[in-house]
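These notes are about the structure you will find just below.
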Amino acid sequence: MNDSPGWASPGSSPSDGERPGTESGAQQPAAPEQPAQPTGGPKWSAEQPPPGQWSSPGTTPEAPQAQPQPTSGWGQQPGGPQAGGNGSQYGYPGGPGQWGHPAAAKPGVIPLRPLGLGEILDGAVATMRTHWRSVLPITLVVATVVQIISVIVQKFMLDDITFAANPDAGPEEVLDSLGSTLGASAVIQFIQALGTIVVTAMLTMVFSRAVLGQQSSVSGAWREARPQLLRLIGLTLLLALGAVLLGAVLILPGALTDNIGLALLGVFVWLPLLIWLGIKFSLASPALMLEKSSVFKAFARSSKLVKNTWWRIFGITILTTVIAFFISAMIVAPFQILSLLAFSGGFDALEDGTGMNTWGALIAPAIGLIIAQTIVMPFQSGVTVLLYVDQRIRREGLDLELARAAGLENYGTTGG
């Protein structure tokens with residue numbers, strides 16, 4: 001185990017199989033006895049099953065055994081299937097002899113068992129609500145810095161964008177304006193990418209502790225994230241460079257030969273490949289931060305964890321993106337309307353471009369973006385981290401390691 005709280009080192013647990021029960025130390029549950037033949041009319045059995053462990057209708061349950069008291073106050077019974085002994089209890093609601101999800105310890109924002117969609121989303125929101133003193137300052141400060149720089153860049157690099165108002169503008173003026181626009185956009189995107197990397201690094205540490213029920217401070221999150229920050233930047237740049245190179249290989253041949261059909265074919269091949277690779281490596285960032293691994297090992301870990309569950313992770317990622325988009329749109333839209341009506345000179349000024357570059361027109365939407373990013377960034381980062389945790393619980397029994405790191409004694413053992 002490495003020095004990150006509660007996370008096993010890469011390769012310490014198998015990733016190709018699903019939750020090996022024999023390695024976790026838990027025994028397989030005994031097969032249920034055959035139901036007794038009824039001797040009379042239907043009636044209640046004299047021996048009822050313990051709470052939360054109902055037997056199937058029409059069967060006679062075994063005599064209840066004495067249940068040990070939880071040693072850590074989370075309501076977890078050591079040694080049960082929910083402690084990691086039998087993975088078949090988790091894959092669907094209503095495993096053998098149970099209705100719905102089995103009980104599981106919950107020291108932090110999620111129960112220590114494979115998670116459903118609602119639990120992943122709820123865990124992200126619960127972390128934002130419970131640990132807001134750590135989450136909100138990180139995102140608020142980064143979003144504010146990013147937007148201040150973006151406003152300054154737009155103000156001083158886009159002054160000549162009003163060429164559209166002059167119908168006599170020559171080709172050189174048009175090219176200069178387009179160059180300024182592209183340059184400003186590149187600078188802004190670069191700044192936002194750096195801000196996102198910093199937020200992702202620090203929030204990953206906050207969420208990792210929230211899973212264990214531990215508090216995090218802003219300084220503590222920065223101290224834990226800083227050693228891996230350069231590697232995270234390298235990972236992000238490699239992803240962006242790979243996307244660009246893949247597009248160049250597929251699209252440039254058609255573009256250089258003026259073959260529109262070939263270029264369109266390259267685009268249609270590039271976009272699905274981009275999405276597939278994006279999901280395949282979507283867990284590389286938390287793997288890099290929490291396992292203290294190298295960039296290429298993080299890519300390999302993400303690929304292994306996503307294997308055979310690509311569509312599930314794709315669906316959760318798309319849903320999270322849609323939710324984040326609507327939240328951002330609802331927050332930013334009023335500020336954009338205010339900018340248009342109060343500072344941009346109305347629709348006429350917007351059409352000819354004369355009101356786009358005033359300070360008021362730039363600052364008002366920036367305020368909306370600061371608020372939106374402060375809320376949306378931790379939500380999206382939290383879902384990614386919890387997806388990583390969920391996949392490791394399903395494949396590697398990480399719940400046992402998390403329980404022990406959270407101080408749950410005798411978790412996953414039968415020896416009381």
Side-chain angles (χ1 to χ4, degrees), residues 4-8 10 12-21 24 76 81-84 86-93 95 100-128 200 203-213 278-291 298 301-321 323 378-406 411-412:
S4 181
W7 308 106
S12 63
S13 301
S15 292
D16 293 330
E18 296 288 335
R19 295 185 53 84
S24 65
Q76 173 64 34
Q82 62 270 30
N86 184 3
S88 64
Q89 295 282 347
Y90 296 100
Y92 54 90
H101 286 300
K106 189 179 179 182
V109 295
I110 58 169
L112 299 185
R113 56 168 167 74
L115 305 174
L117 168 61
E119 290 169 327
I120 292 175
L121 299 179
D122 180 70
V125 175
T127 302
M128 295 169 58
T200 300
L203 289 182
T204 298
M205 298 306 172
V206 174
F207 275 91
S208 69
R209 290 191 172 274
V211 169
L212 303 176
I279 299 300
K280 183 181 179 67
F281 298 128
S282 62
L283 303 183
S285 173
L288 178 81
M289 299 302 300
L290 298 177
E291 298 178 10
R301 289 286 291 155
S302 178
S303 177
K304 183 175 288 188
L305 291 173
V306 174
K307 183 179 180 181
N308 298 327
T309 57
W310 188 94
W311 284 107
R312 177 177 181 269
I313 296 177
F314 171 76
I316 294 175
T317 303
I318 290 297
L319 178 61
T320 303
T321 303
I323 293 173
F379 175 68
Q380 292 181 298
S381 297
V383 169
T384 302
V385 173
L386 295 182
L387 271 174
Y388 165 83
V389 174
D390 175 56
Q391 288 302 109
R392 291 202 62 187
I393 288 176
R394 291 173 183 271
R395 293 183 178 272
E396 302 173 356
L398 183 65
D399 52 333
L400 303 178
E401 185 71 25
L402 293 173
R404 291 168 190 145
Y411 189 91

**Request:** Return yes if some donor-acceptor pair links the side-chain N/O of Ser302 with the main-chain N/O of Ala298 below 3.5 Å, else return no.
**Result:** no
**Prompt:** At what distance, to the nearest 0.5 angstrom, does CZ of Arg301 lie from CG of Leu290?
**Reply:** 11.0 Å
**Reported CE-to-CZ distance for the pair Met128 and Phe207, which is rounded to 0.5 angstrom** = 7.0 Å
**Message:** Within the structure provided, determine whether Leu386 and Leu121 are in side-chain contact (heavy-atom separation under 4.5 Å).
**Reply:** no
**Message:** To check you understand the geometry: which heavy-atom pair defines the closest contact between Gly123 and Thr127, and what is its length?
**Reply:** O-OG1, 2.8 Å
**Request:** May I ask you to decide if the ring planes of Trp310 and Phe314 are parallel, tilted or perpendicular, using 30° and 60° as cut-offs?
**Result:** parallel
**Asked** Nearest heavy-atom pair of Pro378 and Leu203: which atoms, and what distance?
**Response** CA-CD1, 3.5 Å
**Gln391/Arg312 under side chain to side chain contact (heavy atoms under 4.5 Å, CB included): CA gap, chis, key distance, verdict** = CA-CA 11 Å; Gln391 288 302 109; Arg312 177 177 181 269; 3.4 Å; yes
**Asked** Do the side chains of Glu119 and Asp390 get nearer than 4.5 Å, heavy atoms only?
**Response** no
**Message:** When you measure from the side chain of Arg394 to the backbone of Leu115, do you find a donor-acceptor pair of N or O atoms at a distance under 3.5 Å?
**Reply:** yes
**Request:** For the residue pair Glu291 and Arg392, establish whether any side-chain heavy-atom pair is separated by less than 4.5 Å.
**Result:** yes
**Student check: side-chain heavy atoms of Ser285 and Thr384 closer than 4.5 Å** = no
**Request:** Using a 4.5 Å cut-off on heavy atoms from C-beta on, say whether the side chain of Leu305 contacts that of Glu396.
**Result:** yes
**Atom pair CD1 (Ile316) and CG (Leu117), whose distance is rounded to the nearest 0.5 Å** = 5.5 Å
**Message:** Under the rule for side-chain hydrogen bond (donor to acceptor under 3.5 Å, both in side chains), what residues qualify as partners of Ser303, not counting sequence neighbours?
**Reply:** Lys280
**Request:** Find out whether Pro107 and Leu112 are in side-chain contact, i.e. whether some heavy atom of one side chain is under 4.5 Å from a heavy atom of the other.
**Result:** yes
**Prompt:** Got a donor-acceptor contact below 3.5 angstrom from the Ser282 side chain to the Ile279 backbone?
**Reply:** yes
**Asked** Ignoring hydrogens and geometry, is there a side-chain-to-backbone donor-acceptor pair from Glu401 to Leu398 under 3.5 Å?
**Response** no
**Prompt:** Is Ile323 close to Phe379 at the side-chain level, that is, under 4.5 Å between some pair of heavy atoms?
**Reply:** yes
**Item:** Ile313 vs Leu283 side-chain heavy atoms within contact, under 4.5 Å
**Value:** yes
**Item:** Donor-acceptor contact below 3.5 Å, side chain Asp399 vs main chain Ile393
**Value:** no
**Rounded distance (nearest 0.5 Å) linking atom CH2 of Trp311 with atom CD1 of Ile318** = 10.0 Å
